[in-house]
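Worksheet for the structure shown next.
Convention: sequence-line order gives letters A, B, ...; per-chain numbering from 1.
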Amino acid sequence: MLGSILSQYARTLSVFAVLLLIVLIEALGVREAVYPGLLPFFTWMRESSWLGVIGTTYGSVYATVEAVHLLSMAVLGGTVLATDLRLLGVIFKDIPSETLVTGTHKCFRWALLVAILTGIFCAAGVGDKVYYMQVFWIKMLVLLLGSCYMLFIKQPFLTSRPHAEINPWMIRLLAITSMLTWFTVAATGRWIGFS
Amino acid sequence: MINELLLQFGQWMEAQQYSQMLVAGYYSYSWLEATHVLTLMVSIGSLFIIDFRMLGLVMPNVPASTIAARLHKPMIIGFVIMFITGALLVYAKPVETIQSLWFRMKMILLFLAFINAWVFNNRMKGAEGNWDNDPVAPKPLRTGAIASLVLWCGVVILGRYIPYDWVDCTNTTNTTILWAAGCVDQLNAL
């Protein structure tokens, strides 16, 4: 009985569980306890890991990987905008939104993978600098939440049933949340460069 | 001759009050740069989706021309914002930018990318047959899409190189690089 009720709200409960976890991490002081212990890892990334050594030794390699990071974010943003603007009814009105949601997702996942891999390289090159940046940690948190949101909530929900059966406001909410999330990831990423 | 004229133009811009205001205000320059980079998601993001569709990598079940037509408007809006912010970034640091080898190479690639876009657009309009619904576009369009991807990747990479000073006028004595970057004073001093 309880199991069947819970299974109906699995996604909602998952979201609340993640939010509760974040609140608990903050309230119980886990973040303050873990944070100092991460500094040696970030220092090692920059000074000893081969990613950090390449990034700090060869400026042109670092700049090229930065550019690939930007390009992957551009592709990621393009797929997010195309899908979400369709869900909001702004563009692609003559194409079923289901087609956009499924058709761009593979491209999104590849772009996300490349963005994460190149992002790790970029962070390794300035490891002990980004460690002290609040904006870097905000980006990491939003990136984690955004990836989970896309892969475990938005995409499964939008591919589970025809969009005509979903409340239009729910679809709009999903699209706006997605656009705001990825805009925040991109904007905070840009701000790391200025900090 | 052209390098001297460009340098004079840059020095004239640098003497302008608004140019100095843009570069002196930390946040104004940062906001401009951030807008320029973030708009990549709209302009190049849309363009790459069109190119990927021509290569059959995204939405092969949707007519290629429909994707190109529907993404045209957001893409153009993105490019217009990029050009305005890009021009203002040059206006803020005119001499430094005009004498950047990477900036000059970026402008050449931008020019080639626009020629390619124009040719691509004409080829798409002129393409005969029922290719629009094919998962992969005909070879001439695929070639144009690959050229577009390569050129725009080059534009972004060279744009990313601009802030780095590896081949700045003061960091090299190679006469070819000094000439290509338009380092008039350094060339005269040699």
(message) Considering only residues two or more places apart or on different chains, which pairs with a residue in residues 5-84 of chain B satisfy disulfide (SG to SG under 2.5 Å)?
(response) none
(request) Return the option, out of B/T39, B/I157, B/V156, with the maximum number of heavy-atom pairs under 4.5 Å with chain A. (result) B/V156
(message) Counting neighbours of CE on B/M107 that are heavy atoms of other residues, nucleotides or ligands and sit closer than 6.0 Å, is the number greater than 12?
(response) yes
(request) For atom NE2 of B/H72, decide whether the heavy atoms of other residues, nucleotides or ligands shown that lie under 6.0 angstrom number more than 12. (result) no
(message) Does A/Y35 have more than 12 heavy atoms from other residues, nucleotides or ligands lying within 6.0 Å of its OH?
(response) yes
(request) Give the member of B/M75, B/R160, B/K73 that has the highest number of heavy-atom pairs under 4.5 Å with chain A. (result) B/R160
(message) Can you tell me how far apart CG (B/L40) and CZ (A/R190) are? Round to the nearest 0.5 Å.
(response) 10.0 Å
(message) Around atom CZ of B/F83, are there more than 12 heavy atoms from other residues, nucleotides or ligands closer than 6.0 Å?
(response) yes
(message) Heavy-atom count check: over 12 atoms from other residues, nucleotides or ligands less than 6.0 Å from A/Q134 CD?
(response) no
(request) May I ask you to decide if the ring planes of A/W191 and B/Y27 are parallel, tilted or perpendicular, using 30° and 60° as cut-offs? (result) parallel
(request) Kindly work out whether a path of hydrophobic side-chain contacts (I/L/V/M/F/W/Y, heavy atoms less than 4.5 Å apart) joins A/I192 to A/M140. (result) yes
(message) If the contact rule is any heavy atom under 4.5 Å from chain B, which residues of residues 80-112 of chain A qualify, in numerical order?
(response) A/L81, A/A82, A/I91, A/F92, A/D94, A/I95, A/T99, A/L100, A/G103, A/T104, A/C107
(message) I'd like to know which of A/G59, A/A63, A/G77 tops the heavy-atom pair count under 4.5 Å against chain B.
(response) A/A63
(message) Quick check for you: to the nearest 0.5 Å, what is the distance between B/F52 atom CZ and A/T79 atom OG1?
(response) 9.5 Å
(message) Please determine whether the number of non-hydrogen atoms from other residues, nucleotides or ligands lying under 6.0 Å from atom CZ of B/F114 exceeds 12.
(response) yes
(message) Between B/L47, B/L57, B/I67, B/L158, who has the most heavy-atom pairs with chain A when the cutoff is under 4.5 Å?
(response) B/I67
(message) Tell me whether B/I2 at atom CD1 has more than 12 heavy atoms from other residues, nucleotides or ligands lying less than 6.0 Å away.
(response) no
(message) For a quick test of reading the model, state the closest non-hydrogen atom pair linking A/A187 to B/L38 and the distance between them.
(response) N-CD2, 3.9 Å
(request) Name the region of B/V58, side chain, backbone, both or neither, that has any atom closer than 4.5 Å to a heavy atom of chain A. (result) both
(message) According to a hydrophobic-cluster definition based on side-chain heavy atoms being under 4.5 Å apart (Ile, Leu, Val, Met, Phe, Trp, Tyr only), do B/L7 and B/M105 belong together?
(response) no
(request) Given side chain to side chain donor-acceptor pair (under 3.5 Å), test A/E66 with B/Y161 step by step and report yes or no. (result) CA-CA 10 Å; A/E66 266 186 323; B/Y161 284 179; over 6 Å; no
(message) Need one label for B/Y29: side chain, backbone, both or neither, based on atoms under 4.5 Å from any heavy atom in chain A.
(response) neither
(message) Counting neighbours of CH2 on B/W166 that are heavy atoms of other residues, nucleotides or ligands and sit closer than 6.0 Å, is the number greater than 12?
(response) yes
